[in-house]
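Some notes on the structure that comes next.
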Amino acid sequence: MPGREHRRHARLPLSARVKVTHPAFGTLVVRTRDVSHSGLFVESGEQPYPPLGSLMQVQALDMPVEAEILCARIVRVCVDGVGLEFCDGEY
């Protein structure tokens with residue numbers, strides 16, 4: 001069926017601040033649109049992102065304790081943001 005999504009986990013709407021880091025742009029603070037067990041969508045505004053498959057660091061902000069820095073891969077690029085899938089290992 002064309003256009004059908006093949007997601008492994010349900011997405012939950014969540015607007016939260018996260019820090020994303022990549023050598024192409026340094027470090028940015030952006031907002032999430034939704035999250036799931038396997039990834040998240042971050043809104044980019046005017047910021048261009050690296051191409052599909054690129055790895056980035058992601059860290060949740062505004063937590064009671066400093067959040068872990070996670071590795072994420074760009075799996076979807078849209079006009080308003082990028083879909084990131086968490087990946088094992090170091091960035």
Side-chain angles (χ1 to χ4, degrees):
M1 188 175 197
R4 186 173 168 199
E5 293 187 11
H6 299 280
R7 300 191 182 276
R8 294 179 299 186
H9 302 101
R11 290 179 289 168
L12 301 173
L14 177 69
S15 178
R17 288 183 345 125
V18 294
K19 181 169 57 173
V20 294
T21 304
H22 187 274
F25 56 74
T27 298
L28 298 172
V29 174
V30 295
R31 288 217 161 264
T32 62
R33 179 188 306 164
D34 57 57
V35 298
S36 75
H37 181 70
S38 58
L40 67 156
F41 186 90
V42 296
E43 298 174 337
S44 62
E46 300 290 320
Q47 176 64 42
Y49 275 82
L52 283 173
S54 298
L55 298 179
M56 313 175 70
Q57 290 180 334
V58 180
Q59 183 179 29
L61 299 174
D62 305 324
M63 305 295 286
V65 296
E66 189 170 346
E68 180 180 357
I69 297 172
L70 302 173
C71 176
R73 177 177 292 107
I74 298 175
V75 294
R76 184 167 54 112
V77 177
C78 301
V79 173
D80 56 346
V82 295
L84 302 172
E85 179 179 50
F86 299 127
C87 51
D88 294 330
E90 301 270 330
Y91 167 76

Full working for side chain to side chain contact (heavy atoms under 4.5 Å, CB included) between V29 and V18: CA-CA 6 Å; V29 174; V18 294; over 6 Å; no
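Under the 4.5 Å side-chain contact rule for hydrophobic residues, L28 and L61 do not share a cluster. Hydrophobic clustering (ILVMFWY, side-chain heavy atoms < 4.5 Å, transitive): V77 and L84 are in one cluster. Taken together through direct or relayed side-chain contacts under 4.5 Å among Ile, Leu, Val, Met, Phe, Trp and Tyr, F86 and Y49 form part of one hydrophobic cluster. A single hydrophobic cluster is not seen to contain both I69 and V58; linkage of ILVMFWY side chains at heavy-atom distances under 4.5 Å, directly or through other members, places them apart. In terms of hydrophobic clustering, with Ile, Leu, Val, Met, Phe, Trp and Tyr side chains grouped at heavy-atom distances under 4.5 Å, F41 and M56 are assigned to different clusters.
The two residues L55 and C87 make their nearest non-hydrogen contact at CD2-SG, 3.8 Å.
A donor-acceptor pair under 3.5 Å links the side-chain atoms of T32 to the main chain of A16, judged by distance alone. Looking only at distances, no side-chain donor or acceptor of T21 sits under 3.5 Å from a matching main-chain atom of Q57. Side-chain N or O atoms of Q59 include one that pairs as donor or acceptor with a backbone N or O of A67 at under 3.5 Å.
Residues P50 and F25 have side chains in contact (heavy-atom distance under 4.5 Å, counting atoms from C-beta outward). Residues V82 and S44 have side chains not in contact (no heavy-atom distance under 4.5 Å, counting atoms from C-beta outward).
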